[in-house]
Amino acid sequence: MRDAERDFRLAARALEGDAEAAAALVEGAVPVVRGLARRLAGNEEEGDALAQATVVRGLERLGKYRGEATFATWLCGIAVHLQAELRRRAAREARAQAQIPAPPCPPDPAKVVSDTETTRLLWSFVSRLSPAQQEALTARVVAGSVAEGAVSLGLTTHVFRSRLHRARLALRDLLLTHCPELLKELGYGR
Amino acid sequence: MDARCREYEQAVEMEAQMSEELRRHAESCPRCCALSAAASLTSAPVVPAAGDPFVQAMGALARQTVAQRMARGERARRLLPLLIGLLGWSVGGGSFVLVARASLPGPPQPDYTSALPSLPAPAPAQVVAVLVICTVWTLLMVRRLGRPSEMRTTA
């Protein structure tokens, strides 16, 4: 049985009141969602808070899960939207207080997600893309293939591929603009 | 942007196998290097460390959410027949009292501006009859719309 089908059956049982099915569904998806949330947020604490908020919202909207992608992929879409919402809210609050947002505190080395420098850098730029582009990138990363990523967003493969490519080009431009030196240091452009 | 860059972009877009020539090009072209980096985005799942209760906590949260949702649904199911029963009491009781009063002999010259005060008061037996009929009505409605299991056991 495909993972998405299995998840859909668990979700159906959860909607009928089977608490154990709900727990199994969530526990299976949490490692993936947590991994993505930490990368979107940039550190472990905020990432775990985002993952928790994602699970809460996912459970609230469980009736909307159609089993087209795995539950983890579906939750990752919610995580991207939630993170975008949090950023917008933070920006609004900063504007309302007429203050220039304080630069982010240097991350605690113990709490930084244990990725390679390239991956960490890439994720730090992903959050600057538009929500649709972030969604396409994360869907591709989490789903593991273009076809599954397209299904998870309810798009045709052609449209999804095109959106994904635009997102990658935008990410490339951000890398070229903001850290050409770092790209060289990381071994690119030799 | 030269033809090689376009070819590289196309290969990345189609996620096609890269030829050695294209790979070498990407190593020397900053645009294609950056695109290659962008296409290499990954996100590994977080494997819970020993003693990390996060996954279990999320599982417990899911159980709790489902239990709360079921309790809400049960409350709604319980409330509906009770509301309908209450409506039955009001409508049935009110109609019965009006009919009972109207059927009794009234004063010789009823006051048409206010019908109710001119009617005679119902006898205690009539009140008891109304109560019995309304109770039967309520029980029938509750039974028909499906009582929750715990009400059935405690009733």
Side-chain angles (χ1 to χ4, degrees), chain A residues 14-15 17-27 30-36 38-39 47-48 51-52 55-56 59-60 62 72 76 113 115 118-119 121-123 125-126 137-138 140-142 145-146 161-162 164-165 167-176 180 183-184 186 188-190, chain B residues 1 4-16 18 23-49 52-77 148-149:
Chain A
L15 284 170
D18 186 341
E20 288 311 311
L25 187 66
V26 167
E27 285 173 3
V30 158
V32 175
V33 177
R34 197 182 184 192
L36 179 76
R38 284 182 174 187
R39 283 161 186 90
D48 286 357
Q52 185 173 344
V55 169
V56 169
L59 287 169
E60 281 169 4
L62 193 58
C76 285
V113 185
D115 272 331
T118 321
T119 309
L121 179 76
L122 284 170
W123 280 107
F125 281 113
V126 166
L137 275 174
T138 51
R140 169 66 184 84
V141 165
V142 175
S145 73
V146 170
R161 196 187 290 282
S162 156
L164 176 66
H165 189 57
R168 282 173 172 164
L169 292 179
L171 188 55
R172 174 198 69 183
D173 293 342
L174 282 171
L175 288 173
L176 283 173
L183 273 176
K184 280 179 195 164
L186 291 170
Y188 294 100
R190 271 184 202 149
Chain B
M1 192 167 83
R4 278 265 172 271
C5 291
R6 262 193 292 274
E7 204 180 325
Y8 189 82
E9 272 187 19
Q10 221 165 14
V12 168
E13 183 177 2
M14 301 312 293
E15 301 198 354
M18 298 279 176
R23 212 169 280 145
R24 272 203 305 276
H25 163 75
E27 284 170 8
S28 58
C29 167
R31 286 173 64 86
C32 295
C33 286
L35 182 60
S36 163
S40 70
L41 194 70
T42 54
S43 170
V46 176
V47 180
D52 181 1
F54 190 80
V55 176
Q56 281 74 27
M58 292 297 102
L61 179 72
R63 282 190 199 95
Q64 192 187 340
T65 307
V66 167
Q68 279 172 352
R69 183 180 292 154
M70 293 310 288
R72 261 204 309 274
E74 188 72 7
R75 268 203 302 277
R77 271 197 295 278
S149 53

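Here is the naming used below: chain letters follow the sequence lines, and residue numbers restart at 1 for every chain.
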Over all atoms of both residues, closest heavy-atom pair of B:Ala34 and A:Leu176: CB-CG, 3.8 Å
Donor-acceptor under 3.5 Å (A:Arg140 side chain, B:Leu41 main chain): no
Please confirm whether the backbone N or O of B:Glu13 pairs with a side-chain atom of A:Arg161, one donor and one acceptor, at under 3.5 Å? yes
Among A:Gly17, A:Ala72, A:Gly47, single out the residue with the greatest number of heavy-atom pairs under 4.5 Å to chain B. A:Gly17
Would you say B:Met58 and A:Val33 make side-chain contact, with heavy atoms under 4.5 Å? no
In this structure, are over 12 heavy atoms from other groups packed under 6.0 Å from B:Gln56 atom CD? yes
B:Glu15 side chain near A:Leu164 side chain, heavy-atom distance below 4.5 Å: yes
Let me know if B:Val66 has heavy atoms under 4.5 Å from chain A in its side chain, its backbone, both or neither. side chain
Note: vs chain B, highest number of non-hydrogen pairs under 4.5 angstrom among A:Val32, A:Leu15, A:Leu36, A:Asp48 is A:Asp48
Does any non-hydrogen side-chain atom of B:Met14 lie less than 4.5 Å from one of A:Val146? no
Tell me, side chain or backbone of A:Leu122 under 4.5 Å from chain B's heavy atoms, or both, or neither? both
Measure distances from A:Asp18 to the heavy atoms of chain B and classify the residue's part below 4.5 Å as side chain, backbone, both or neither. backbone
How long is the span from the CG atom in A:Leu169 to the CD atom in B:Glu9, to the nearest 0.5 Å? 5.0 Å
Side chain, backbone, both or neither: which part of B:Val55 has an atom under 4.5 Å from a heavy atom of chain A? both
Could you check if a side-chain atom of B:Leu61 sits within less than 4.5 angstrom of a side-chain atom of A:Val55, using non-hydrogen atoms only? yes
Residue, of A:Arg34, A:Glu20, A:Glu27, that accumulates the most heavy atom pairs under 4.5 Å with chain B: A:Arg34
Apply side chain to side chain contact (heavy atoms under 4.5 Å, CB included) to the pair B:Val12 and A:Arg172, showing each step before the final yes or no. CA-CA 12 Å; B:Val12 168; A:Arg172 174 198 69 183; over 6 Å; no
Minimum heavy-atom separation for B:Gly59 to A:Ala23, with atom names? O-CB, 3.6 Å
Counting heavy-atom pairs under 4.5 Å with chain A, the top scorer among B:Ala57, B:Ala67, B:Pro45, B:Cys32 is B:Pro45
Okay, A:Val126 and chain B: the region with an atom under 4.5 Å from a heavy atom over there is side chain
